Peer 1: 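I have a structure here, written as C-alpha cells, and I will follow up with some questions on it.
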Amino acid sequence: MIVGTAGHIDHGKTSLVRVLTGVDTDRLKEEKERGISIDLGFAYLPTPNGSIIGFIDVPGHERFVHTMVAGASGIDFVVLVVAADDGVMPQTLEHLAIVEMLGIRRGVVALTKADLAAPTRRDEVTSEISSVLSGTGLDGAPVIPVSSVTGDGIEELLQQLFAAAHAFGRRATRGRFRLAVDRSFTLAGAGTVVTGTVLSGQVAVGDRVVVSPPGLAARVRSIHAQNRPAEHGHAGERCALNLVGEGITKDAIRRGDMAVDPELHAPADRIDAVVRLLPSETRPISQWMPVRLHHAAADIGARVVLLEDEALAPGTSKRVQLVLERPIAAAVGDRFVLRDTTAQRTIGGGHLLDLRAPSRKRRTAVRMAQLDALSIEEPGQALAALLDREPHYVDLSGFARDHALAEDEMAHIVGELSVIRIAAKNHVLGLSPATYLRLRRAVASILQAFHQDNPDLPGMGMERLRLQLDPRLPALAFASALQGMARAGEVALDGAWVKLAGHEVRLTPQDERLWERMVPLLGASERFRPPRVRDIEGLLNVPEREIRRLSKLLARVGKVDEVAHDHFFLRNTVAEMVQIAASLAAAEKKGEFTAAQFRDRVNNGRKVAIQILEFFDRHGVTLRRGDLRRMNKHRLDLFRMSSNSVGPSNSDQGREAPPVGRPDFKSGRGREPVLGGFDSHSLPPRLGHA
Ligand SMILES: Nc1nc2c(ncn2[C@@H]2O[C@H](COP(=O)(O)OP(=O)(O)OP(=O)(O)O)[C@@H](O)[C@H]2O)c(=O)[nH]1
Ligand SMILES: [Mg+2]
C-alpha cells in the first residue's frame, strides 16, 4: 500500500512522516533553509505482517500543488493532515478536492500539533473537519489527534495504518506494466534510475520497456521494489528501475513520463473525458477554455471542447474533449485533475474515456453512444457495448492497448464475448457474432440479387459490395472477412470479384446454341489457328458483333481467351499451348526456346505463333529475353483447363485488371483472422443460404 500525505503548508506532514518512519524526507538544501517541503519525499515503513508501506510526502505550499498532484496520483490511502491550532485552511480544501478527483476513498485525518491546542479547540477543528469531509469519499474517516513533538496519538495512527495496509493487501496486478515516473537520476555504478508508482501490471528484471511519450526503448537491469532489491515490481509498489538503452539518460526522462510495456507506447493528445467542475468555482467551463491538465506525474496545457449542449456548470459533470499541447502516455479510466492556467486554483477533474477521440463529428448521436459504452468501467462490458453500436466494429488491438489490458485478459474478454476477429494490416477488428451473421446474410442476399440481375457476370466487384453493406468495414478488413467467408464455402473470390459459391454464369438459350455452333470451329484440328470473329461471322452467318459479344462474355468466365484482338482461343487450347511451350523449354539445357521452335510445334504460321507468345509474355507465363523465352514456373497453371462448369477467368482481356494494391490474400496475416497471440478461434461455422 502507498500512503500519501495531504494538507496545508506547515501543518506538520513531513514531521509526521518522520516520526512514523524515522526518515526526514525534506532532503533539499532549500527545503532545510526555508523549513518547507518543495519536492516529493519518499519513506518506507515495514508492517508487523512483513509488508511494507510506502509513504509519499507532498509539499503544502500553494505554489507546489502540481507537485502534490504528481505525488497523490499513485497513492492508495491518504493521511490528511490538519493542524489543530490552524484548523482547515485553503490547501486543506484544495488537497482534499484533488484526492477526491483522483478517486482516493481510503484515508485518515491526522489532527497534528495536538500539543498546541486545547481540547475545546481540538473539538472545534474536528467538527470543522467532519463537515468538510461530508459528502466526499473520506466522509466519516477517523480523526486522530497526534503530536510529532510529544508522540501522543502516534501509536494509534500507526495501528490505523497497519490495519488499513492489512485490509488493503496488494493492488491487483492486472493489466500491462505502467510506471509513472516521478524521479530520474544517475546512480554511480548503475547508470540511469527512474522511480515511480507502478500503476498496473508488473515488471521483471530483464524486461523491455519503453519510456513514453518520448519513445525510448530500454531494458530493466535491476529493480528496487518498496526500497528493497527485487526481481519483480508489482502494481501498487513504488519501484526504482535501473534502465539501460540507447538514449536512456537521466535528462532524457522526466517526471511525468511513463515506463510502459512496449505494446502500450501510443501517446495521445486528443482525449474524450468526463470532467467535474468543483462547486467552489464561480464560472462555468466555456468552449475552448485553456486549462492545465494534471495526469499521473505529468502536467500539460490543454483546451476543453464541450461535447454536450449545456455549459459545464460548477458542481456538475459533463463529457468534454481535451485537446493537449503535447501528447501523454495514458490509459482509459485514468484519473486527472484540472487547474487554471495561472496555476492558482484546482478547478475540477475527472477520468479519461477515449484516447483516440475524433476531431470531427465529435458531438454526434453515434459518438455519444460510443462514449456511453466507453464510460462502462469493466472493459469486457465496455467492449460488448461498443460492438453493439455504430460502426459495429472495434479495433481490438487499440482497445486492448488503450485499456492497458494484458494479452490473457483481452483473450479472455474476446473469448467470453465470442468476438469475431478480422485481421487488417497491423491491427485486428472485432465484430459481435450477431453483426458478423448479419454481414454474411447481407453479403449472401446482395450477391444473390446481383447474380439474378447479371447472370452473365462472374461476380460483383468487391468494393461495390463493400459499399452496400452495413457495417461498412474498412477495405482491408472487408477483404479478410470475405476470405473467411470463402474458406467457409459461402462465397468464392476471384481477384477483385466476389460471387456466391456455386454461382455459374448462365448463358441464354440463344447464346447457348450459338456457343454450341462455335465450339467445333474453335476446337478440332484448327485449334491453334482458330477463325477470328469476322471469319466466324462468315462461317455461321451471324453478325460479327454478336460473335464478339458472346466471345467476350465467355472470356470473362474462362471458357476462351482473347489472345489477340478479335482472336479467341478455347481455354483448353491455351492450356495445351502452355504445356507445349513448357515441354520445349524443358528439352533445352538452358530452358529457353525460340518462337520458331514454338511455331513448328503448333504449326500455325509465324504471325499467330508470335501473337500467342506475346500473349503469354503479357501474362507472365513466359519471360522473354531477346529472341528467347523461358517459362515462369509460378504461372504454369494460370490457364488451367476449364472443367465443365464455368470456372474463374484468368484472362484480363475484356475485363478490368484487379486493382493495384489489393490485399494479399495469400499472406498469413490475411488468412487467419486472429490477433497475434490470442488463441486461434476460427470463424464460426458456415452460414446456410436458406
Ligand atoms: N508543536 C508542534 N509542532 C509541530 C508538530 N508537527 C510539526 N510541527 C512543526 O511545524 C513546522 C512545520 O512542520 P512540517 O512537518 O515541516 O510541515 P509540513 O506540513 O511538512 O510543511 P510543508 O511540507 O511545507 O507543507 C515545523 O517547525 C515543525 O517542527 C507538532 O505535532 N507539534
Ligand atoms: Mg513538508
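Just so you know, residue 1 is the first one in the sequence shown, and it goes up from there. Note that the coordinates shown come from a computational prediction; the quantities given were computed from them, not determined experimentally. Counting convention: from 1, in listed order, for ligands and their atoms alike.
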Peer 1: When you compare ligand 1 with Lys13, is there at least one nitrogen or oxygen pair between them that comes in under 3.5 angstrom?
Peer 2: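 Indeed, backbone or side chain, Lys13 has an N or O that close.
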Peer 1: So if I count the atoms of ligand 1 from 1 in the order they appear, which ones are less than 4.0 Å from some heavy atom of Ile9?
Peer 2: 24 (O), 25 (O)
Peer 1: Could you say whether the N/O atoms of Thr14 and ligand 1 ever approach to under 3.5 Å?
Peer 2: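 Right, the criterion is met.
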Peer 1: What protein heavy atom lies closest to atom 17 (O) of ligand 1? Include the residue and the distance to one decimal.
Peer 2: Gly12 N, 3.1 Å
Peer 1: Record the part of Asp115 in heavy-atom contact with ligand 1 below 4.0 Å; permitted values are side chain, backbone, both and neither.
Peer 2: side chain
Peer 1: Should you measure from each heavy atom of Leu116, which atoms of ligand 1 turn up under 4.0 Å away?
Peer 2: 1 (N)
Peer 1: Salt bridge between Glu33 and Lys29, side-chain N to carboxylate O under 4.0 Å?
Peer 2: yes
Peer 1: Which of the numbered atoms in ligand 1 are below 4.0 angstrom from a heavy atom of Ile36?
Peer 2: 24 (O)
Peer 1: Taking all non-hydrogen atoms of both residues into account, name the closest pair between Ala331 and Ala404 and its distance.
Peer 2: CB-CB, 4.3 Å
Peer 1: Return the option from Ala117, Ala6, Ser15 holding the heavy atom at the smallest distance from atom 7 (C) of ligand 1.
Peer 2: Ser15
Peer 1: Parallel, tilted or perpendicular: which one describes the rings of Phe64 and His66, with boundaries at 30° and 60°?
Peer 2: perpendicular
Peer 1: In this structure, which one of Asp299, Ile328, Val304 forms a side chain to side chain contact (heavy atoms under 4.5 Å, CB included) with Leu293?
Peer 2: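 Answer after filtering Asp299, Ile328, Val304: Ile328.
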Peer 1: Answer yes or no as to whether an N/O/S atom of Ser37 is found below 2.8 Å from the Mg ion (ligand 2).
Peer 2: yes
Peer 1: Answer yes or no: is there an ion pair linking Arg183 with Asp39, defined by an N-O contact shorter than 4.0 Å?
Peer 2: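 The answer is no: the pair does not qualify as a salt bridge.
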Peer 1: Answer yes or no: does an N/O atom from Ala114 fall short of 3.5 Å to an N/O atom of ligand 1?
Peer 2: no
Peer 1: Which protein non-hydrogen atom lies closest to atom 5 (C) of ligand 1, naming both residue and atom, and how far is it?
Peer 2: Lys113 CG, 3.6 Å
Peer 1: Indicate yes or no: at least one non-hydrogen side-chain atom of Tyr44 is less than 4.5 angstrom from one of Ile53.
Peer 2: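 Not in contact.
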Peer 1: Which of the listed options, Ala110, Ser147, Ser37, Ala84, holds the heavy atom that is closest to atom 24 (O) of ligand 1?
Peer 2: Ser37
Peer 1: Are Arg401 and Asp261 within salt-bridge range, i.e. N to O under 4.0 Å?
Peer 2: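 Salt bridge flag = no for Asp261 with Arg401.
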Peer 1: Counting backbone and side-chain atoms alike, does Thr25 have an N/O/S atom under 2.8 Å from the Mg ion (ligand 2)?
Peer 2: no
Peer 1: Output yes when the distance from some N or O of ligand 1 to some N or O of Asp57 is under 3.5 Å, and no in every other case.
Peer 2: no
Peer 1: Answer with side chain, backbone, both or neither: which part of Asp10 has a heavy atom less than 4.0 angstrom from an atom of ligand 1?
Peer 2: both
Peer 1: What protein heavy atom is closest to atom 3 (N) of ligand 1, reported as residue, atom name and distance in Å?
Peer 2: Val149 CG2, 3.7 Å
Peer 1: Considering non-hydrogen atoms only, spot the tightest contact between Arg106 and Asp76 and give its length.
Peer 2: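 Of all heavy-atom pairs spanning Arg106 and Asp76, the closest is CB-O, 3.7 Å.
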Peer 1: Salt-bridged, Asp334 to Arg178, with N to O below 4.0 Å?
Peer 2: yes
Peer 1: Would you call Arg319 and Asp372 a salt bridge, using N to O less than 4.0 angstrom?
Peer 2: yes
